[in-house]
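Written below as structure tokens is the structure these notes are about.
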Number of protein chains: 2
Amino acid sequence: MTNSTIKDVAKMANVSIATVSLVVHDHARISKETKEKVLAAITKLNYHPSHSARGLVKRKSGNIGFILTDDHFLRTEPFYTHIFIGTEFEAHESEFYVLLTTIDSNFNDDNKLPRFILERNIDGIIVAGKVPSSFIEKLNKYHFPIIFVDYWPCTKKYSGVLVDNVNGGKLATEYLIKSVNKNIAFIGGDIEHPSISDRLNGYKKAILDSGGSINERLIDIIEDYPGRTNGYNAAQRLFDNNKDIKAIFACNDAMAIGAMQYMKDNGIKIPDDCSIIGFDDVVSDDAIEPALSTIRVPKMEMGTEAMKLMAHLIKNNIKGNQKVLIPVELIIRKSTKRI
Amino acid sequence: MTNSTIKDVAKMANVSIATVSLVVHDHARISKETKEKVLAAITKLNYHPSHSARGLVKRKSGNIGFILTDDHFLRTEPFYTHIFIGTEFEAHESEFYVLLTTIDSNFNDDNKLPRFILERNIDGIIVAGKVPSSFIEKLNKYHFPIIFVDYWPCTKKYSGVLVDNVNGGKLATEYLIKSVNKNIAFIGGDIEHPSISDRLNGYKKAILDSGGSINERLIDIIEDYPGRTNGYNAAQRLFDNNKDIKAIFACNDAMAIGAMQYMKDNGIKIPDDCSIIGFDDVVSDDAIEPALSTIRVPKMEMGTEAMKLMAHLIKNNIKGNQKVLIPVELIIRKSTKRI
DNA sequence: ATAAATAAGTTAAACGTTTAACTAAATACT
DNA sequence: AGTATTTAGTTAAACGTTTAACTTATTTAT
């Protein structure tokens with residue numbers, strides 16, 4: 001039951017350890033018969049190459065760091081948890097291990113970088129979600145590939161795996177235009193966040209493309225975090241201003257759910273009086289009454305894409321600065337008037 | 001910026017690499033002056049021992065596996081996420097890396113064990129939360145230490161880090177006895193789960209100790225998962241049966257919140273008509289109206305304790321079968337009548 | 001004064017891989 | 001037939017540590 005090594009396999013298959021290694025790496029120099037012989041021994045002995053030994057000679061740790069802020073990780077909506085699971089899943093293919101760690105959401109110059117960075121025990125880093133800029137600055141000193149997921153800092157030195165927010169906003173708004181035509185509001189928070197502003201851009205684009213014009217009084221944006229309470233308040237301001245709102249596109253599901261609560265509390269029928277579409281497709285959307293229409297973000301896929309890209313960067317020994325856009329999907333449930 | 005090795009340090013400090021290694025391990029054989037010299041070089045070169053090289057010679061991976069079911073990890077309440085962060089935090093001390101992976105919540109004999117187990121790239125495993133018994137059976141074949149957190153399978157071959165559920169149930173119930181005296185109900189789900197049945201045991205113990213007797217009609221237990229909806233339904237059954245319930249001790253906060261919703265919907269004033277105490281102390285407790293009194297479970301501490309125990313087991317090369325009880329704390333907020 | 005013990009290092013082998021350089025046999029080319 | 005090339009493997013060094021065994025110098029005991 002103790003680990004068998006390459007030597008045991010070599011002995012059993014009657015070849016040198018180099019041959020075993022070449023078989024493991026599927027090298028062309030090995031004949032079919034030898035390969036089969038070795039493979040049989042590997043299976044019999046349940047041999048797996050030692051991560052440490054391999055790492056030592058290749059001067060790679062075989063680890064990828066996955067970093068996010070603690071409040072993102074501890075958030076009740078497991079958005080980033082899904083992304084992490086995606087990377088972990090995909091790591092199987094490329095034989096990486098993923099080391100997850102959190103940083104302080106108020107990370108500043110006095111904070112230390114995660115241990116695996118200081119010890120250089122990773123071959124690359126995946127950063128999920130918005131992180132403090134002082135963290136990114138510290139990261140700049142290091143020479144491994146860094147991939148940002150769901151957030152791309154302005155410095156275009158790194159790769160990013162991003163939701164196609166503009167298109168998502170466009171899809172949602174286009175549907176609302178087709179079903180209710182006019183008076184479509186947008187509610188959002190944390191507009192500094194590129195994802196949110198892109199969703200707003202998609203909203204504007206859809207309206208302009210359809211021949212309409214932007215009415216700033218239908219757009220309610222706050223600086224604060226886009227959560228349920230702020231969604232509730234946004235809806236209140238909106239309806240106070242304009243009784244005739246026919247649809248709301250919320251920058252995320254949390255705000256949408258808050259806005260729905262306001263409508264319920266004030267006798268506004270969903271979707272008869274007012275349609276609403278969210279963004280993200282979180283677990284509770286289906287449970288809520290009426291079920292919330294939304295833009296589905298394939299969270300796990302973002303993780304797998306990030307890890308695929310990482311494997312590519314490492315294999316080719318490049319740092320990369322490309323942008324991968326993850327397509328989204330409009331999910332129509334019960335909170336929207338049918339077209 | 002590239003990694004410096006033990007050789008670089010040795011050269012700079014004018015000693016052999018063995019000396020450097022001995023300094024790093026704080027070995028007594030090294031004089032104070034040499035030690036300082038070496039330490040200075042280490043700092044100057046920002047030297048960190050290679051995880052791989054160390055792992056190779058020690059025949060340890062330096063990794064600890066952290067395993068839980070996917071639905072536990074993806075649950076909106078980040079209970080196990082907190083526990084994980086605790087292990088990750090404590091791992092700093094013992095220089096371990098933590099590899100987090102999920103298993104299928106319907107794990108059966110056809111499922112494969114996590115990769116790092118098959119490849120034997122971990123020195124020990126921490127299992128968080130209830131896992132399928134077929135998973136545990138498969139684990140039985142391996143010879144590394146295993147620690148269960150927040151769930152301890154009947155086979156007492158492994159160590160467990162567990163919430164003091166009995167005492168928690170007792171604390172909550174004792175408070176309710178003091179404040180409302182009589183007609184204190186218990187609602188719970190998944191009674192097979194040792195944690196839940198222990199909470200019920202604490203409830204019973206408190207009542208008996210106070211000279212009262214157990215009224216089965218005040219105890220509502222379902223087999224299903226103890227979530228909000230089931231809490232709502234449990235409260236409904238309870239009040240249908242007995243209008244005079246003065247307090248509810250819920251087996252967890254989710255059920256408590258559900259039960260509160262039922263009371264709000266039916267004009268039962270909290271805490272004037274009926275007090276309620278939950279269990280776990282989840283994030284939303286404070287946000288809910290009125291703020292929920294509960295039993296606080298120190299989640300991060302469970303993680304750190306598990307990792308401390310793991311480091312101990314590994315250092316002494318034992319498998320261990322001890323039980324660590326984590327004390328809980330009664331948190332009184334607004335959902336309970338004052339004593 | 002000499003032997004024994006202690007202190008403070010050093011040497012060298014080992015851990016399990018990978019891979020460049022080498023070898024030996026078989027095949028292809030003049 | 002003799003040389004060049006291809007095929008299919010082997011050899012051996014290297015990766016960065018740890019640690020048992022060794023050395024050398026100093027102190028202590030007799």
Side-chain angles (χ1 to χ4, degrees), chain A residues 2-39 41-42 45-63 95-97 119-123 314-315 317, chain B residues 2-39 41-42 45-63 95-97 119-123 314-315 317:
Chain A
T2 183
N3 276 12
S4 41
T5 75
I6 199 171
K7 279 185 194 165
D8 305 322
V9 176
K11 200 169 287 171
M12 175 175 258
N14 241 321
V15 294
S16 72
I17 60 163
T19 302
V20 177
S21 178
L22 293 174
V23 168
V24 167
H25 293 85
D26 209 15
H27 195 284
R29 211 192 297 162
I30 304 297
S31 72
K32 214 181 152 209
E33 304 84 61
T34 309
K35 191 171 164 181
E36 278 166 3
K37 202 168 56 177
V38 171
L39 251 24
I42 286 179
L45 291 171
N46 190 25
Y47 165 73
H48 294 277
S50 146
H51 205 75
S52 299
R54 194 174 259 186
L56 186 54
V57 49
K58 293 255 205 137
R59 278 119 143 235
K60 301 261 174 190
S61 65
N63 299 327
E95 310 209 281
F96 283 115
Y97 286 131
E119 299 177 359
R120 302 228 184 29
N121 261 317
I122 36 118
D123 303 333
I314 290 176
K315 188 192 273 175
N317 198 28
Chain B
T2 182
N3 276 12
S4 40
T5 75
I6 199 171
K7 280 185 195 165
D8 305 323
V9 177
K11 200 169 289 171
M12 175 175 259
N14 242 320
V15 294
S16 72
I17 60 164
T19 301
V20 177
S21 178
L22 293 173
V23 168
V24 168
H25 292 86
D26 209 15
H27 194 285
R29 213 192 296 161
I30 304 297
S31 71
K32 213 180 154 210
E33 303 85 60
T34 309
K35 191 171 164 181
E36 279 168 2
K37 202 169 56 177
V38 171
L39 250 24
I42 286 180
L45 292 171
N46 190 24
Y47 165 73
H48 294 277
S50 147
H51 206 74
S52 300
R54 196 174 257 185
L56 185 54
V57 50
K58 292 257 205 134
R59 280 120 141 232
K60 301 264 173 188
S61 64
N63 298 327
E95 310 209 281
F96 283 115
Y97 286 132
E119 299 177 0
R120 302 224 183 33
N121 261 317
I122 36 116
D123 304 331
I314 290 176
K315 186 190 275 175
N317 199 27

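All figures in this text were calculated on a predicted structure; none of them were measured in a lab. Quick note on labels: first sequence line is chain A, next is B, and so on, each numbered from 1.
- The side chain of A:S50 sits closest to C:dG16 out of C:dG16, D:dC15, C:dT11.
- Considering only the side chain of A:T19, D:dT10 comes nearest among D:dC15, C:dG9, D:dT10.
- Considering only the side chain of A:L22, D:dT10 comes nearest among D:dT10, C:dT18, C:dG16.
- Of all nucleotides listed (D:dA8, C:dG9, C:dT18), D:dA8 comes nearest to the side chain of A:S31.
- Nearer to the 5' terminus of DNA chain C, by closest-nucleotide assignment, is the contact made by B:N14 (compared with the other of B:L56 and B:N14).
- When side chains are defined from C-beta on, B:H51 counts as touching B:N63, because their heavy atoms get closer than 4.5 Å.
- Base engagement by A:S21 is indicated by at least one non-hydrogen atom pair under 4.0 Å involving a base atom.
- Out of C:dT18, D:dC15, C:dC15, the shortest distance to the side chain of A:I6 is found at C:dT18.
- Side-chain atoms of A:V57 lie closest to C:dT17 of the nucleotides C:dC15, C:dA12, C:dT17.
- In this structure, CG on B:N14 lies 10.5 Å from OG1 on B:T19, to the nearest 0.5 angstrom.
- Within the 4.0 angstrom heavy-atom criterion, base atoms lie near A:R29.
- Residues B:N46 and A:R120 form a side-chain contact, since some pair of their non-hydrogen atoms from C-beta on lies under 4.5 Å apart.
- Here A:H48 lies in heavy-atom contact (under 4.0 Å) with sugar-phosphate atoms only.
- Minimum atom distance to the side chain of A:H25 is reached by C:dT18, of the listed D:dA8, C:dT18, D:dG16.
- Across all strands, B:S16 comes closer than 4.0 Å to base atoms (heavy-atom distances).
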